[in-house]
Q: 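What follows is a single structure, and I will ask about it in a moment.
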Amino acid sequence: MTLLKRLWPAMLGLVALLGLWQGLVVATGVPGYVLPSPLAVVQALATHHQLLWHHTGITVIEIVAGLLIGCLSGLLTALALARFHGLRRTLLPILLISQAIPLFALAPILMLWLGYGMTAKIVMATLIIYFPVASTCYDGLRQTPQGWLDLAQTLGADRRRRLLRIQLPAALPALASGMRMAASAAPIGAVIGEWVGSSQGLGYLMLNANARMQVDLMFAALLILVTFGVALYFAMDALMRHLMPWHEDRTGTQG
Amino acid sequence: MTLLKRLWPAMLGLVALLGLWQGLVVATGVPGYVLPSPLAVVQALATHHQLLWHHTGITVIEIVAGLLIGCLSGLLTALALARFHGLRRTLLPILLISQAIPLFALAPILMLWLGYGMTAKIVMATLIIYFPVASTCYDGLRQTPQGWLDLAQTLGADRRRRLLRIQLPAALPALASGMRMAASAAPIGAVIGEWVGSSQGLGYLMLNANARMQVDLMFAALLILVTFGVALYFAMDALMRHLMPWHEDRTGTQG
Amino acid sequence: LALLLVLSGPALAAEERNGTDTPDSLKVMLDWYTNPTHAPLVIAKQRGLFQDHGLDVELISPADPSVPPKLVAAGKIDLALSYQPQLHLQVDQGLPLVRVGTLVATPLNATLVRADSGIESMADLAGKRIGYSVGGVEEVLLNTMLEHNGVAPENVEMVNVNFALTPALIGEKVDAITGAFRNFELAQMAQEGVEGRAFYIEEEGVPTYDELIFVANRDTLDAHRAAYARFMAAIGEATAWIINHPEEGWEAFKAYDPALDTPVNRKAWENTLPRFALRPAALDGQRYEAFEAFLLERGQIKAKSPLSRLAVDLNRP
Amino acid sequence: MTSLGFSLAQARLAFAGQWLFDGLTVEFAPGSWTGLLGRSGSGKSSLLRMIADLPLPDTHELTLTTDDARPLTGRLAWMAQQDQLLPWRTVVDNVLLGPALRGRPSPADRQRAFSLLDDVGLADKARDWPKTLSGGQRQRVALARTLFEDAPVVLMDEPFSAVDAITRLELHELAARLLAGRTVILVTHDPLEALRLSDRILILAGQPATLSDFDVPPGQRPRALEAPDMLRLQPRLVARLHAPLTAGSQA
Amino acid sequence: MTSLGFSLAQARLAFAGQWLFDGLTVEFAPGSWTGLLGRSGSGKSSLLRMIADLPLPDTHELTLTTDDARPLTGRLAWMAQQDQLLPWRTVVDNVLLGPALRGRPSPADRQRAFSLLDDVGLADKARDWPKTLSGGQRQRVALARTLFEDAPVVLMDEPFSAVDAITRLELHELAARLLAGRTVILVTHDPLEALRLSDRILILAGQPATLSDFDVPPGQRPRALEAPDMLRLQPRLVARLHAPLTAGSQA
Ligand SMILES: Nc1ncnc2c1ncn2[C@@H]1O[C@H](COP(=O)(O)OP(=O)(O)OP(=O)(O)O)[C@@H](O)[C@H]1O
Ligand SMILES: Nc1ncnc2c1ncn2[C@@H]1O[C@H](COP(=O)(O)OP(=O)(O)OP(=O)(O)O)[C@@H](O)[C@H]1O
Ligand SMILES: [Mg+2]
Ligand SMILES: [Mg+2]
């Protein structure tokens, strides 16, 4: 129910966006092969629903798996970085460098190693999520108020427990911020993976449709993808709030 | 000097990565047209330095402009969201949706609208930076401790000043986290723009080299790009530290 | 003769084994998403011609045409569809690739303009902006055509528009596009209500070549020679059948994937039929030597490779 | 500046469905100092928040009437129980937070801030970051910030709890001097402090809590510690805090 | 449990190049309670941090010798000047932080935590979030957390500053009972509290600061407030805080 309540502003936004879009199409008279009208897209959605449904299934699996693995490994990396001095010196720059590499450049190599099955796509989605999560989590873990660290020290906490019971919960708000962002980026990762090599999934469908100038079909796939991304964002948001019952959120009350 | 000091771990990481890379090439015996050895890349760097230099200039301008505009507009959006109730309802979901759209899908459309000049690429770089910055800044702005907000209220602050003098500085650590990440992502935006439509720049060069199977040249361009991304990260990091002299950073001191 | 026996021995053995036993499985990567230029492959699969030849063929589509040759070179897949001009560059860069068959035996590549643009010949392109999709040789081919028509290459502006060739032209973001496929992009333009005009590359000073070819890994070729030969035979049969039964062929083609059933594909189907190689395995060695010489002269390759490194005729060991 | 009195009526507050107090009515005379005492958790800080019109999570209601019938907003200074220093502003800039939030501090403002810091004994820390201050020093900066506001109504929540006895006496003098004529509500746990500084002592106690008066010694604020009245009244006040409902009347 | 005494030698601390103290030497007898007084900013909290081996930004040195020559680590409880409650743990889980950080709290631990919360008067708040507590309630939770540790050496930095007079007296009794036999250093700004609870009073004062003794009344801790000695000594202690270097000797 709260999820539903959380989702309604997104719905409103969606409607607003659709309105904007239709307005744009009408106002600029942009041809359909550049930007189809929402109506055309909805029509395509209806006509090709079977096709879309099939490819959506594939992509959803990739996204969800990528999101899970990406968030988890990002979190673990951040924890490891916060835990071990040595890692910070070497792993952090490597991480950074890997983040700065356009994934597209690596895609053929990944495909060579992982084949063109679902694994490669999950790896791509994972990679695109991994860095933002690792980076924001690590930033969050670093900013624990000194007083709590002092307390942990006098209470005889070892590094592991200090990390897990003090730094990690203290970093949850920052972490939530990173995860929310990652959730909405996950579909992009999967799609990039599909673009590089696949014969299934929404990304494949989009490129394929684009190559055939079936722009309405492409936008229908895009619409599904975006809806999924937004839904993931809100799901992640709800999850994060659930994990932080103590956390005051001032979205609603403050001007 | 501090910048130089900050950069050295990156250098170390770079060296480590190069080592890893060479090791990988040797160990897996992966052919040069899939993954060239670092040596071959350095050689290509030397041979084609004039070419690379020319294209780098173009891309750097795109990246820097995109970074500036993206960070600025992201920050402004976050401030506007935190300032105006109404915006939050409508703008936030639109933002979210726009974030969930794979840039690649929009790229051809953007190109058709903006032409194949530099503008389109700057817009791409801006877009890729914009959302993470807006999102993390907004998250940061929302998490101001209640006590400070109360204080601002009794001191008679209007909303604008409360935002700029209380919420904004309080959000700086979160903001810094977002900006650092954005900095390392900026090159990707520019490159995507160049891939979709251009006749200059490192992204174009990479595409061209890839098509001609000059994989060493492509990786040389990639190397420059990555170096630039990492340098940007550290520059942004230094800037952010400079903006927060009061902020305790526990990177060095704590285990 | 002894050598011949040794070479054909394993192939013969394989042939016999396959007649009764499990078929050879082949992974074949197309150059791009499935489209009418792939008709013989699709039809051979649809009509079971591969099975008839003891083959189990898997067709895979990439999104980036530069990837399939790399995968073949790396031994990840058996055969890939590629383009002859690219083959020369790839071999020059040391990739162990060799042409083993031809799918489309003429260039499809063309320079297109809008019919209403007032550009009547390539000579009118001086001072214009030309869009292309980076393929490696687009620039040199265009330059050759321009020079052939007395236009200095410096006088045109080339812009990479990636895969948005048609929209860029229709939207008049560029005055011409090059590297477009004459069988496809023209149909696409017509679909959007814009009439196009094509300048055919082989008529404008560029040596003719095979647009779509099958490449295999040179290092492992001998082990698979027989299977590849049977593959080409199946392609040949499929091509012949399509030409004999164009309408049935279209029906079978679109049944492969419902998404293929579009008006543009229907039109492109007709445009493509005459261009399929009727003897896919047959090799016109002169073409390869001439194009190699052309690229060398234009400075696109470092050294001239012998024909045997570029292409083989599977049926003439 | 003329003094501003105000009165509360029907003040009620509940957390989690339980009434902390309900129907409190009390008047604060212009220029008077009220010492507000009560057990820990009795609702003193919450009452101050309500007067300052600050958000509270649960049900709360209050009718506040000022003598001039205009709202209190902008004429009130609130010193919270926590010091609430902003880490990104130096000590003096924290004192100048009020003018900075309402516009731009003038040079005169800066000068006043420095002199207030001198008054609370922190002249040499003026340009330091708050994180380098001791607990008592932080509290003194918060006090200086409150005094800077020069508001006719001042709410102070345990303003001297973290400073040593000597400094505390000095700050009493300072506050008495600078807040002369202001209507002050001072929450404190130190009976002696309340006796020393108040014109009137109110005790918040009971379930739900009510306010009751405790008589203060006569004479000018701040009263001398050694005054016989003080030493006599202190144990009685402590005793009243023990069992507040047996004696005294609703204020 | 046997009591554990310890001594400090050559304690020195500087901030920004200025010596707060230099060459402090002092012994803490096993099972003794030491009241540590001093002006705000004199370095009391910093000294406790040094004893607890906590990080400090600038130059600091200390030689700490325990009676059994083993390090203090793990045998020390520290109650900071700020309550440092973790917002994501309920009140009782904050009390149980020690065992949670060293392993997993046992049911017996939980029971003790509840009973300690009962002792500090917060039994009904045990399952609430810290953000719903008043200032004094937070301090009492921090106290319960410190008492839970049951360590032979206890450092308390103004542990009763935020609670009312009555609660404070009750907490004095509680602490005296639960920390009997422990070596305690108690930083406080309340001279009466120091006189009531200490076996020995140390005053940190001077530039750089030195430690000097102040004689405490005889008798058992906690001493009755009404004892004549107490009332006699309180003004003298306040006077000593005023001008500490004229009388008393280096401890
Ligand atoms: N946000 C909240 N949610 C629930 N209960 C709260 C909240 N804030 C305060 N309370 C409760 O209200 C009561 C009064 O709190 P308040 O802070 O006003 O007490 P106080 O009189 O100032 O106490 P102290 O002297 O300890 O500061 C306390 O019992 C507290 O637990
Ligand atoms: N991180 C720091 N950087 C610079 N100076 C500091 C730092 N921490 C403390 N100081 C200074 O050291 C002195 C002693 O601080 P400390 O907190 O030990 O005082 P204290 O005796 O506990 O005072 P209070 O009674 O006010 O709590 C103060 O003048 C303070 O400004
Ligand atoms: Mg309070
Ligand atoms: Mg202190």
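Every value quoted in this text rests on a predicted model; they were computed, and no experiment measured them. Scope of the values below: all heavy atoms of this structure, side chains included, with no hydrogens, waters or symmetry mates. Lettering follows sequence order; numbering is per chain, from 1.
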Q: Going by an N to O cut-off under 4.0 Å, is there a salt bridge joining E/Asp157 and E/Lys44?
A: no
Q: Is there a side-chain contact (heavy atoms from CB on, under 4.5 Å) between E/Val153 and E/Ile51 once you walk through the steps?
A: CA-CA 10 Å; E/Val153 173; E/Ile51 296 174; 5.5 Å; no
Q: At under 4.5 Å between heavy atoms, what parts of residues 61-71 of chain E are in contact with chain A? List them by residue number.
A: none
Q: Quick one: pull up CG in E/Leu155 and OG in E/Ser45 and give me the separation to the nearest 0.5 Å.
A: 11.0 Å
Q: Salt-bridged, E/Arg102 to E/Glu149, with N to O below 4.0 Å?
A: yes
Q: Check each atom of E/Trp88 against the heavy atoms of chain A and say whether the ones under 4.5 Å are side chain, backbone, both or neither.
A: both
Q: Among E/Ala77, E/Gly98, E/Ala80, who wins on heavy-atom pairs under 4.5 Å with chain A?
A: E/Gly98
Q: Please classify the contact of E/Ala100 with chain A as side chain, backbone, both or neither, using a heavy-atom distance under 4.5 Å.
A: both
Q: Can you give the donor-acceptor pairs under 3.5 Å from side chains of residues 170-179 of chain A to other protein atoms, not counting sequence neighbours?
A:
residue, atom, partner, partner atom, Å
A/Ser177, OG, B/Asp139, OD2, 2.7

Q: Do the side chains of E/Asp150 and E/Arg182 get close enough for a salt bridge, i.e. N-O under 4.0 angstrom?
A: yes
Q: Strictly below 4.0 Å, N to O, side chains only: are E/Arg145 and E/Asp93 in salt-bridge contact?
A: no
